[in-house]
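Below is one structure, written out as structure tokens, with a few remarks after it.
Throughout, a chain's letter reflects where its sequence line sits, starting with A, and its residues are numbered from 1. This structure is a prediction, so every number in the text was calculated from the model and none was measured.
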Amino acid sequence: MLEYDFMRTAFLAALLVALVCGPVGWFLVLRGQTFASHALSHVGFAGATGALMFGLSPLTGLAGGALGAGILMGLAGERVAGRDVMIGLVLSVAMGVGALFLHLLTRSASAATALLFGDILGISPGMLGWLAALSAGCLLGLAVLARPLLFATLQPEMAEARGVRLQVLDVLFLALVAIATAECAQITGVLLVFTLMVAPAATVLRLSLPPLGGLAAAAGLALAEAWGGLILSWETDYPTSFWIALLGGAGFMLVGLVQRARGA
Amino acid sequence: MTRAGHEPHGMTPAVPESIRLQDVTLARGGRVVLSQISLAIPQGSFVGVLGANGAGKTTLFHALLGLEPPVRGGMWVNGQPVRRGNSAVGYMPQMRKLVGGQFSGWSMVATALHGQRWGLPWYGRAGRAAVDAALAAVDAQALAQRPVATLSGGERQRLLLAQTLLDDPSVLLLDEPLASLDPARMRETVERIHALAQARRMTVLMSAHDINPLLGVMDHVLYLARGRALLGTEEEVITTDALTALYGAPVDVVRAGGRVFVVAEGGGSALHMQDCGGCSAHA
Ligand SMILES: Nc1ncnc2c1ncn2[C@@H]1O[C@H](COP(=O)(O)OP(=O)(O)OP(=O)(O)O)[C@@H](O)[C@H]1O
Ligand SMILES: [Mg+2]
């Protein structure tokens, strides 16, 4: 399958995205903010459809929409970030706006499917450059934030007393989440961002690894699931998103079952 | 007796001051919690901070950490004005819900090591040695490899204490480190903290709901009630007269079986309950 250009592009795109989604997702799960990332992807959807209307690339709209929403969410702080209802409302309004934009678009059906469920085989080599730039920026940002973010996640009061600015961290982290979400949506679609962002990270967090090991393992598992999904999709002709979702869920359950068996 | 607010210089002047409050008023959410407190605590002093729920113990600690600036007045730690992020002040927050319980005790303690610095959580050889030393100081080496979620409340408290020691602080602010411990464990914890404080010449402010586990080790008692503060020795503060004056209502100090009970007259409700496992709810 690697003799085809579009497959090589797809494997590279999966690599770039998985390496970011794993570690960002690791913090997301640890901080209990997974629902926030779910909402960001939906705001990104509105952004992407809006971008399509104006003839821009959907990635621009996705990243822009998610980034704006992420920063606002961080600025609003605890008042919003912890509120399921508030996030749910933002999420549904965003989806509604996206539906409106799609309605106004001419070739809406195929665009909608690609945005909602991903279209990894449709990634152009030109887009690969954008993904590489976003991934590099995101990983660099996370490498700078990781230490205080970990401290603030486990012991917010103690961290604050040591001079960590919790809100600044929160805004910066949600900005990273937004970028990672936009990247992830290229592969899994906005509806299935959970599969690469949350599933591998949550699986790894069950393993009680030390932080750095956990971050690396999350990246590795996300990569394995993304590539595994691509290979299985090639073999079966079923969508990649389906396989990635399935692998993510299966991995999570498997680790849980093994642990229960060990514990019993 | 040093009625806090009148004689901040009442202590022996030979020992330098560790903490000094001058005419400090503290408010939370727009409501005044402590008003016009002046006091001075000498270095190396072990202070029990007592008071009912909502008396302002946590508020005072937050102010000393520079997290909540006073409405008015001045605060100094080791002669320097209070500032946020001062590594000379170690802080153990009131017990809260556990995040990251799957990490080992060692990893959990290590997150606090220069946790405010940008970069990766990579500790280096010196950093790892510092974490090991902090764990050893609280006899928690055996807990290092176990997931924190599998530890008892008392064992977690020891890890938290190890974290506060990482930066070699000269002042420790411990917010209810005894909450949810059984009486034997309470006493053991107090003695451990006292021994550490003496060995490292640290000033300790430790809030508690029950004075009994602290009896005999405190150099001073800081009693908070009705927005006011009373600082003095055990004998000076924990008396019927002193506390009645502080509360502005009849309060009885009853000593029975080597224990002390502070009882509001009439209702007979104990202001310090012996077992305060459930009363650590915190804003
Ligand atoms: N974030 C907040 N916003 C508004 N008021 C607050 C806040 N935190 C505390 N308060 C109020 O300030 C007062 C002092 O609270 P504080 O937490 O200092 O009490 P405490 O002595 O530590 O009590 P406890 O024994 O319950 O921990 C209380 O009346 C409380 O209701
Ligand atoms: Mg308190």
Side-chain angles (χ1 to χ4, degrees), chain A residues 23 26-34 78 82 139-169 172-173 176 201-219 255-256 259 262-263, chain B residues 58 61-68 82-123 127-128 144-150 159-160 163-164 166-167 169 173 175 282:
Chain A
W26 188 88
F27 272 112
L28 209 50
V29 176
L30 194 63
R31 290 168 68 79
Q33 285 182 316
T34 53
E78 285 288 302
L139 280 180
L140 198 71
L142 197 64
V144 172
L145 290 191
R147 191 169 185 144
L149 191 61
L150 182 65
F151 190 23
T153 302
L154 296 193
Q155 271 137 341
E157 292 97 342
M158 208 183 266
E160 201 178 15
R162 288 285 192 76
V164 174
R165 300 275 163 183
L166 298 185
Q167 187 160 30
V168 172
L169 269 188
L172 292 176
F173 176 63
L176 292 184
T203 309
V204 163
L205 274 169
R206 284 187 153 183
L207 298 175
S208 299
L209 296 171
L212 275 181
L215 284 164
V255 169
Q259 278 183 334
R262 280 227 199 108
Chain B
T58 302
F61 286 175
H62 279 193
L64 284 169
L65 290 162
L67 295 177
E68 296 272 345
V82 159
R83 68 183 162 85
R84 184 169 157 155
N86 185 349
S87 64
V89 185
Y91 173 49
M92 185 200 286
Q94 210 164 342
M95 263 287 221
R96 47 186 297 285
K97 91 176 199 294
L98 179 68
V99 179
Q102 67 272 58
F103 291 123
S104 70
W106 198 95
S107 299
M108 175 23 207
V109 171
T111 54
L113 184 73
H114 304 307
Q116 72 278 21
R117 292 190 190 158
W118 302 113
L120 287 171
W122 175 257
Y123 306 111
R128 286 195 296 273
Q145 297 315 322
R146 286 176 51 193
V148 178
T150 67
L159 293 182
L160 287 175
Q163 282 191 310
T164 63
L166 279 175
D167 271 349
L173 305 179
D175 204 353
H282 179 46

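- The greatest number of non-hydrogen atom pairs below 4.5 Å with chain A, out of T164(B), L98(B), D167(B), is found for D167(B).
- In terms of modelled atom types and a separation under 3.5 Å, the side chain of T111(B) and the main chain of F151(A) share no donor-acceptor contact.
- Both the backbone and the side chain of A143(A) come within less than 4.5 Å of a heavy atom of chain B.
- Within the model, atoms CG of L150(A) and CZ of F103(B) stand 6.0 Å from one another, a figure rounded to the nearest 0.5 Å.
- Residues G115(B) and V164(A) share a closest heavy-atom pair of O-CG2, 4.2 Å.
- Here the NE2 atom belonging to H114(B) is positioned 8.5 Å from the CZ atom belonging to R162(A), to the nearest 0.5 angstrom.
- At distances below 3.5 Å, at least one donor-acceptor pair connects side-chain atoms of R147(A) with backbone N or O atoms of L113(B).
- Of the listed residues G101(B), A149(B), A112(B), the one with more heavy-atom pairs under 4.5 angstrom with chain A than any other is A112(B).
- When the candidates T153(A), L149(A), L205(A) are compared by the number of heavy-atom contacts under 4.5 Å with chain B, L205(A) comes out ahead.
- Each of S107(B), G119(B), G100(B) has some count of heavy-atom pairs under 4.5 Å with chain A, and the biggest count is that of G119(B).
- Side-chain contact between L65(B) and E160(A): absent, with no pair of heavy atoms (C-beta onward) separated by less than 4.5 Å.
- For a residue to count as touching a neighbouring chain, one of its non-hydrogen atoms must lie under 4.5 Å from one of that chain's; by this rule W106(B) does not touch chain A.
- A 6.0 Å sphere centred on CZ of R165(A) holds no more than 12 heavy atoms belonging to other residues, nucleotides or ligands.
- L145(A) and W118(B) get closest at one heavy-atom pair: CD2-CZ3, 3.4 Å.
- In terms of non-hydrogen atom pairs under 4.5 Å with chain B, the most contact-rich of A146(A), A152(A), P210(A), A161(A) is A161(A).
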message: For E157(A) and L67(B): C-alpha separation, side-chain torsions, deciding distance, then whether side-chain contact (heavy atoms from CB on, under 4.5 Å) applies.
response: CA-CA 10 Å; E157(A) 292 97 342; L67(B) 295 177; over 6 Å; no
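- Counting only heavy atoms from C-beta outward, the side chains of S208(A) and Q102(B) approach each other to under 4.5 Å.
- Using a 4.5 Å cut-off between heavy atoms, L120(B) touches chain A through backbone and side chain atoms alike.
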